[in-house]
Structures are given as C-alpha cells and as structure tokens.
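Below is one structure, written out as structure tokens; comments come after it.
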Amino acid sequence: MRTTNNITIKRNGIFDSQLQISYWAEWMITEKGRKVYIRRDINAYQEAWVFDAQTDEYLGKANANQPASFLANTDIEKSEYQKQVAIKNKEKKILKSYIKTKYNPTNEDIVENLINSLDKVDFKSNVKVSKISNTKMDMVVKEEKNNNSIPEKYGGSI
C-alpha cells in the first residue's frame with residue numbers, strides 16, 4: 001500500500017512530510033529529480049521502500065537520514081557530522097566517475113562528427129575589418145629584423 005504522494009528525489013534524498021524525516025540511500029545519487037513514492041511501516045519508520053511513481057518499479061531501500069550540525073559540541077555530534085561529510089565526499093566521487101563514463105565517443109564517432117561539420121561551407125560572417133596603419137616605430141622594427149641593426153636615419157646602430 002502506498003504511504004506517500006509523489007515525491008522528488010533531491011540532494012538530501014526523499015523528505016517524508018508526514019514524519020518530517022529524510023530518507024537516503026547511495027543509489028539515489030544518480031536518480032536525483034526522479035518522481036517516486038515510498039512505502040514504510042509506521043512502527044519501523046527508519047527504513048522505507050522506494051518505488052517509481054510512473055511505473056511502480058521497485059528502486060531500492062532507503063534509511064532515515066538525520067541531519068548533522070557542523071557546530072558539533074559533543075563527541076557523538078562530531079562523529080555524526082564526520083559520517084555525513086564522508087557520505088557527501090563519497091557522493092561527489094561517484095558523481096565524478098559517473099560523469100566521466102556517461103559518454104565515451106569512439107574514434108569512428110569523432111571522425112563522423114568532423115565529416116558532418118565539413119559539409120557546412122556557407123558561413124555568414126559580419127566581422128568588421130580594421131585598417132592598421134604603420135608608424136615610424138613599425139618601420140624601425142621591420143628594418144631591424146632585416147638588417148639586425150637600427151638604420152642611421154632613425155638614430156644610428158647599436
């Protein structure tokens with residue numbers, strides 16, 4: 001039996017508004033933004049079963065996730081905060097590896113994309129071309145490159 005309305009998986013997991021509890025599991029990292037609903041036992045609410053809202057497919061279990069304050073005073077609060085930081089760091093690592101492996105083009109794909117881009121030869125460009133005027137210093141530099149010395153008319157040699 002369904003125990004919640006449709007809920008979106010967000011950065012902190014699933015928030016159950018009836019019990020004011022967030023549920024989190026590691027598999028939710030790549031499922032953020034997905035609409036789901038949960039089933040849970042009201043007597044054992046620490047564990048919930050998550051289902052897709054459209055297909056009723058079972059996605060996995062999630063556990064109650066208690067927030068941890070970064071202003072921890074006791075050793076227990078500090079250890080809870082360290083656990084939460086470790087979970088977030090692991091999530092970042094998983095997301096980085098997921099992004100890297102999401103699309104890895106083959107050499108054939110790269111060549112095909114290059115060939116498709118070569119077909120476009122009719123480019124429209126509205127680039128304004130400016131005239132560059134030569135100054136006396138430009139002439140000095142040009143002659144210096146040619147002769148490797150400054151001519152007499154510009155002040156002599158070095």
Side-chain angles (χ1 to χ4, degrees), residues 1-135 137-138 141-142 145:
M1 184 172 166
R2 254 177 122 146
T3 57
T4 64
N5 293 328
N6 291 349
I7 307 170
T8 303
I9 299 176
K10 297 183 180 176
R11 66 184 181 100
N12 291 326
I14 301 168
F15 182 72
D16 184 4
S17 59
Q18 290 175 338
L19 298 178
Q20 300 292 313
I21 295 175
S22 291
Y23 291 97
W24 175 253
E26 203 171 288
W27 59 266
M28 290 182 188
I29 293 171
T30 58
E31 300 293 329
K32 291 179 183 172
R34 190 173 192 172
K35 296 279 188 187
V36 296
Y37 65 90
I38 61 174
R39 293 180 181 170
R40 58 172 159 56
D41 183 2
I42 196 68
N43 294 328
Y45 63 88
Q46 293 84 0
E47 188 175 62
W49 292 269
V50 183
F51 295 86
D52 187 278
Q54 293 178 349
T55 63
D56 293 328
E57 173 190 1
Y58 173 69
L59 299 175
K61 285 185 181 179
N63 295 318
N65 187 20
Q66 299 299 325
S69 173
F70 71 95
L71 299 173
N73 295 325
T74 65
D75 290 339
I76 294 172
E77 289 175 343
K78 288 178 184 177
S79 67
E80 283 298 319
Y81 176 71
Q82 289 172 345
K83 285 179 189 176
Q84 293 295 331
V85 169
I87 288 170
K88 288 296 178 185
N89 288 339
K90 189 173 184 179
E91 178 181 350
K92 286 179 187 176
K93 187 177 180 181
I94 290 171
L95 282 174
K96 283 181 183 178
S97 67
Y98 178 74
I99 290 169
K100 286 179 184 177
T101 60
K102 185 73 176 167
Y103 176 67
N104 192 6
T106 63
N107 290 338
E108 291 82 13
D109 292 339
I110 294 170
V111 170
E112 184 179 333
N113 289 336
L114 288 172
I115 291 170
N116 289 339
S117 67
L118 289 177
D119 291 339
K120 293 185 177 184
V121 292
D122 198 19
F123 296 107
K124 293 182 180 178
S125 177
N126 294 331
V127 177
K128 293 182 179 179
V129 178
S130 302
K131 279 191 169 184
I132 299 175
S133 61
N134 288 332
T135 62
M137 188 62 192
D138 293 330
V141 171
K142 184 177 178 182
K145 285 182 181 178

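Note: hydrogens, waters and symmetry copies are ignored here, and every other heavy atom, side chains too, is used. Since the model is a prediction, treat every value here as computed from it, not as a measurement.
How far CZ of R39 is from OH of Y58: 11.0 Å, rounded to the nearest 0.5 Å. Between M137 atom CE and T135 atom OG1 the span is 8.0 Å, to the nearest 0.5 Å. Here CG of D52 is found 8.5 Å from CD1 of I9. Values are rounded to the nearest 0.5 Å.
Using a 4.5 Å heavy-atom cutoff, the side chains of K10 and K32 are not in contact. Residues E31 and V36 are not in side-chain contact: their nearest non-hydrogen atoms beyond the backbone lie 4.5 Å or more apart. Within the 4.5 Å cutoff, no side-chain heavy atoms of E47 are placed close to those of D41.
Taking both residues in full, the closest heavy atoms of L59 and F51 are given as CD1-C, 4.1 Å, listed atom of the first, atom of the second, then distance. Counting all heavy atoms, side chain and backbone alike, Q20 lies closest to F15 at OE1-CZ, 3.3 Å. Of all heavy-atom pairs spanning Y37 and A53, the tightest one is CD2-CA, 3.9 Å.
No hydrogens or angles considered: nothing links the side chains of Q54 and R34 as a donor-acceptor pair under 3.5 Å.
With hydrogens and angles disregarded, no donor-acceptor distance shorter than 3.5 Å links the side chain of W49 to the backbone of A62.
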Test log, rule salt bridge (charged side-chain N to carboxylate O under 4.0 Å, His left out), inputs R40 and D16: CA-CA 10 Å; R40 58 172 159 56; D16 184 4; 2.6 Å; yes
Verdict with supporting geometry, Y23 and I7, side chain to side chain contact (heavy atoms under 4.5 Å, CB included): CA-CA 11 Å; Y23 291 97; I7 307 170; over 6 Å; no
Candidate pair Q46 and I21, rule side chain to side chain contact (heavy atoms under 4.5 Å, CB included), full reasoning: CA-CA 9 Å; Q46 293 84 0; I21 295 175; over 6 Å; no
Stepwise side chain to side chain contact (heavy atoms under 4.5 Å, CB included) check, W24 with I29: CA-CA 9 Å; W24 175 253; I29 293 171; 3.8 Å; yes
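Legend: residues meeting side-chain contact (heavy atoms from CB on, under 4.5 Å) with Q82, ordered by chain and number and at least two apart, are absent. Residues satisfying the side-chain contact (heavy atoms from CB on, under 4.5 Å) test with V85, not counting sequence neighbours, are Y81, N89. For E112, the side-chain contact (heavy atoms from CB on, under 4.5 Å) criterion is met by N116, not counting sequence neighbours.
Within a 6.0 Å sphere centred on NZ of K92, other residues, nucleotides and ligands contribute 12 heavy atoms or fewer.
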